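Note that the structure is predicted; figures quoted are calculated from it, not measured. So you know, we letter chains A, B, ... as the sequences are listed, proteins then strands, and number each from 1.
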Amino acid sequence: MHDINFIRTNPVEFDNRIKLRGLTNCAEKINKIDEERRNTQTVLQNILAERNILSKKIGEIKSKKKDATVIIKKVEKLKDQISSLKELEKIKEDELSAILCRIPNLPSKDVPVGDNEKNNTQYKIWGDKPKFTFKTKRHFEIGENLNLMDFDLASKLSGSRFVVLQGMLAKLERAISQFMLDKHTIENGYTEMNVPYLVKDDALFGTGNLPKFGEDLFTAGDSHWLIPTAEVPLTNLVREQIINEKELPMRVTSYTPCFRSEAGAAGKDTRGMLRQHQFTKVELVSITTPEDSKQELERMLSSAESILQDLNIHYRVMTLCTGDMGFAANKTYDIEVWLPGENAYREISSCSNCGDFQARRMNAKYKNENKNDFVHTLNGSGLAVGRTLIAILENYQTADGNVEIPKVLQKYFNGQTTIT
RNA sequence: GGAGAGAUGGCUGAGCGGUUGAAAGCACCGGUCUUGAAAACCGGCAAGGUGGCAACACCUUCCAGAGUUCGAAUCUCUGUCUCUCCGCCA
C-alpha cells in the first residue's frame, strides 16, 4: 500500500517510477479523489466539533436541572448533515483505497529497467557447470526410472500437477528440508516457526496476494485460504503491532507446504515436478528498520545461497528488472540453479525487499525514540525444497541412472551415499 | 457440540450515558542523587487523521459492524475472537 502523503507531495516522481511497472498517470486521479475526501472530511469535522460543543452544553444545563430543549432542537438538525457527510466520506475512502491497494510497489532506484525477464541482469554467479561423460537425464526420467517418482499415481488421487515420491526420494525431500532448517537456525540466525497453513483474507491482503491475485490461490471453502508460501503467515506475525526497536531485526524461518493454483500457467512446465499445485519450501522472513532493509536483503540472499554452496551446485543470481518483479517487492534477486538435464538455469529462490509496502497493509510498526514508523519486510525462499530435489537429481546423477547423495545430506541417511 | 464469562493504551487493570482519551500499577524515556549501577524521588509517555508556515486547534479511535441518544468505553442487536466447565477427539 502506498503512502497517500507521498503521492500528494511527489506526484511526478510517483508517476515516473510507477510507469516502470507498466502503469501510467495514476497520481492525478488519485490526488483528485484524495482531495475530495479531505474536503468532505474537513466539513464533517467542523460540524462534529459544533455538535460536541453543544452536547457538552446540554450536559451542563441538565446538571443544573434547567431546560435544554432549545439547544437539543438545534443539535438535532445537525444529525442529517452528519450522516450524509459520513456516507460521502466513506465512499471517497473506499474509492481511494480500492485504487491504492491494487498498485504495485515502486521499484527501488537500483533496479534495472525493463518490461520482462529478458532485461534481468546477472548479479553474481557461483561455481561452474558440471561436466558429464554421458547424456544427462531430466529429473523425472531419473525419478521414474528409479521407480521412486510417480505422476500417474498422483493424478489418480489429485489430478495434474501433483507427484507421489516414494522411499529414498521421499526421504531425500525430508533430508533437504531438515538440512535447510538446521543451516538457517544454527548458522544463519533465523528462528524456526511453526505456522498455520490456512489463513484469512486479511493476512493475504497484508502480503499483497489479495485483492488482486485470488486466482492464484486455493480456498478451503470457509473463509480460509491455503497459503501459497510461508511468507504469508511469517510476515503477518508482526501485523497490527508496534514492535520495540530492540527486537529488530527479526529473522524467522519455516518449513511449510505451499499451494498454488497456477491459474495462468496452462501448458507451462507440465512435465515433472517443477511446477506443482503443492510443494514444500523453507521460507526466510526478516523484519527490519527502514535503514537496515537494503543490507538485510544481501544477507538474506547469502543465507539462501549458502544452501546451494553447501550442496555444491552451480547457480547464478539475477536482479529482476522493474517489469518482472512481484507486486509487493521494491527489489528482487532470483537464484537460478543450473539443471544439467534441462540444460537451463531455473529459479530456485526469490529474495525480495518489500520496504514498507506490506507493513502499511498490515499496519506493522516499530517504536524508535518515541516515534513510530512502519517496519520493512523481506522474504526469500531458502530454498524451494522440490526444486532443490530436482537440482540434486540432475546434478548428482550417475551414468548408471543412480543419484549420489550430497555430502552434507549423508548424515540424514545413516551414511548411505547413493540413491538407487 | 452444550453451558457460562469476557474483549479498555506496550503490558496488567479501574471505569455512574455528560471536561474520561480514559484512574492505578508495570514497562519505557528524561532528570536529581551515585565513582558507576541499583534503589528512591521528580517529570514525560496511545494511535490515526484534518486544518495551519508554525505555535496550535479540531476530528476519530476503548474487538468489529449496525442501532438507540442532543451526547456511548458505558445501553441494544449482529459478528469475530479469548477464557472456564461439560461432552467428543488426533
Participant: Less than 4.5 Å apart, side chain to side chain, heavy atoms only: is that true for A:Asn379 and A:Leu234?
Facilitator: no
Participant: Check the distance between B:G9's P and A:Lys365's NZ and give it to me in whole angstrom.
Facilitator: 16 Å
Participant: Taking the six-membered ring for Trp and the single ring otherwise, decide whether the centroids of A:Tyr197 and A:Phe259 are under 6.0 Å apart.
Facilitator: no
Participant: Can you tell me, in whole Å, how much space there is between the P of B:G13 and that of B:U8?
Facilitator: 9 Å
Participant: Assess whether side chain to side chain contact (heavy atoms under 4.5 Å, CB included) is satisfied between A:Ile103 and A:Ile30, documenting all intermediate values.
Facilitator: CA-CA 11 Å; A:Ile103 297 176; A:Ile30 292 166; 3.7 Å; yes
Participant: Would you measure the distance from the C1' atom in B:C81 across to the matching atom in B:C42 and give it in whole Å?
Facilitator: 42 Å
Participant: May I have the distance from A:Leu54 (atom CG) to B:G18 (atom C1'), rounded to whole angstrom?
Facilitator: 14 Å
Participant: Can the ring centres of A:His2 and A:Phe357 be said to be less than 6.0 Å apart?
Facilitator: yes
Participant: If we take the C1' atom in both B:C33 and B:A38, what is their distance in whole Å?
Facilitator: 12 Å
Participant: Determine the interatomic distance between C1' on B:U60 and the same-named atom on B:A73; round to the nearest Å.
Facilitator: 14 Å
Participant: Could you tell me how far B:U78 sits from B:A24 if I compare only their C1' atoms? Round to whole Å.
Facilitator: 34 Å
Participant: CG of A:Asp3 versus P of B:G48: gap in Å, rounded?
Facilitator: 12 Å
Participant: Would you call the rings of A:Phe162 and A:His277 parallel, tilted or perpendicular if under 30° counts as parallel and over 60° as perpendicular?
Facilitator: tilted
Participant: In which stems does RNA chain B show up, taking only runs of three or more Watson-Crick or G-U wobble pairs whose two distances fall under 3.5 Å?
Facilitator: B:1-7 with B:80-86, B:10-12 with B:24-26, B:28-32 with B:40-44, B:46-51 with B:56-61, B:63-67 with B:75-79
Participant: B:C70 C1' sits how many Å from A:Asp80 CG, rounded?
Facilitator: 13 Å
Participant: Can you tell me the distance, in whole Å, between the CD1 atom of A:Ile71 and the C1' atom of B:U69?
Facilitator: 16 Å
Participant: Could you tell me how far B:A23 sits from B:G44 if I compare only their P atoms? Round to whole Å.
Facilitator: 13 Å
Participant: Using the rule given for side-chain hydrogen bond (donor to acceptor under 3.5 Å, both in side chains), can you reason through A:Gln241 versus A:Glu247, listing the C-alpha separation, both sets of side-chain angles and the distance that settles it, and then say yes or no?
Facilitator: CA-CA 12 Å; A:Gln241 280 184 65; A:Glu247 318 249 335; over 6 Å; no
Participant: Roughly how many Å apart are B:C59 and B:C45, using the C1' atom of each and rounding to a whole number?
Facilitator: 22 Å
Participant: Ignoring backbone atoms, establish whether A:Lys367 has a side-chain N or O less than 4.0 Å from OP1 or OP2 of B:C29.
Facilitator: no
Participant: Quick one: A:Ile47 CD1 to B:C70 C1', roughly how many Å, whole number?
Facilitator: 15 Å
Participant: Given A:Asp216 and A:Arg260, is the side chain to side chain contact (heavy atoms under 4.5 Å, CB included) satisfied, shown in steps?
Facilitator: CA-CA 6 Å; A:Asp216 302 333; A:Arg260 299 187 183 179; 5.9 Å; no
Participant: Does A:Gly59 or A:Lys73 map to a spot on RNA chain B nearer the 5' end, using the closest nucleotide for each?
Facilitator: A:Gly59
Participant: With respect to A:Tyr315, which candidate in A:Leu308, A:Ile348, A:Ile307 satisfies the side-chain contact (heavy atoms from CB on, under 4.5 Å) definition?
Facilitator: A:Leu308
Participant: Would A:Ser286 and A:Glu296 satisfy side-chain hydrogen bond (donor to acceptor under 3.5 Å, both in side chains), going step by step from the backbone distance to the final call?
Facilitator: CA-CA 8 Å; A:Ser286 293; A:Glu296 183 71 15; 2.7 Å; yes
Participant: Determine, stepwise, if the pair A:Thr280 / A:Glu173 fulfils side-chain hydrogen bond (donor to acceptor under 3.5 Å, both in side chains).
Facilitator: CA-CA 9 Å; A:Thr280 60; A:Glu173 149 107 24; 2.5 Å; yes
Participant: Heavy atoms under 4.0 Å is the rule here; annotate nucleotides 49-65 of chain B 5' to 3' with B where the base is hit, S where only the sugar-phosphate is, and - elsewhere.
Facilitator: BBS------SBS-----
Participant: Between A:Val75 and A:Asn244, just flag the one whose closest nucleotide in RNA chain B comes earlier from the 5' side.
Facilitator: A:Asn244
Participant: CD1 of A:Ile243 versus C1' of B:A47: gap in Å, rounded?
Facilitator: 16 Å
Participant: Within the pair A:Lys79 and B:G71, is there a side-chain N or O less than 4.0 Å away from OP1 or OP2?
Facilitator: yes
Participant: Find the distance A:Lys56:NZ to B:G18:P and express it as a whole number of Å.
Facilitator: 13 Å
Participant: In whole Å, measure the gap between the C1' atoms of B:G9 and B:G25 for me.
Facilitator: 14 Å
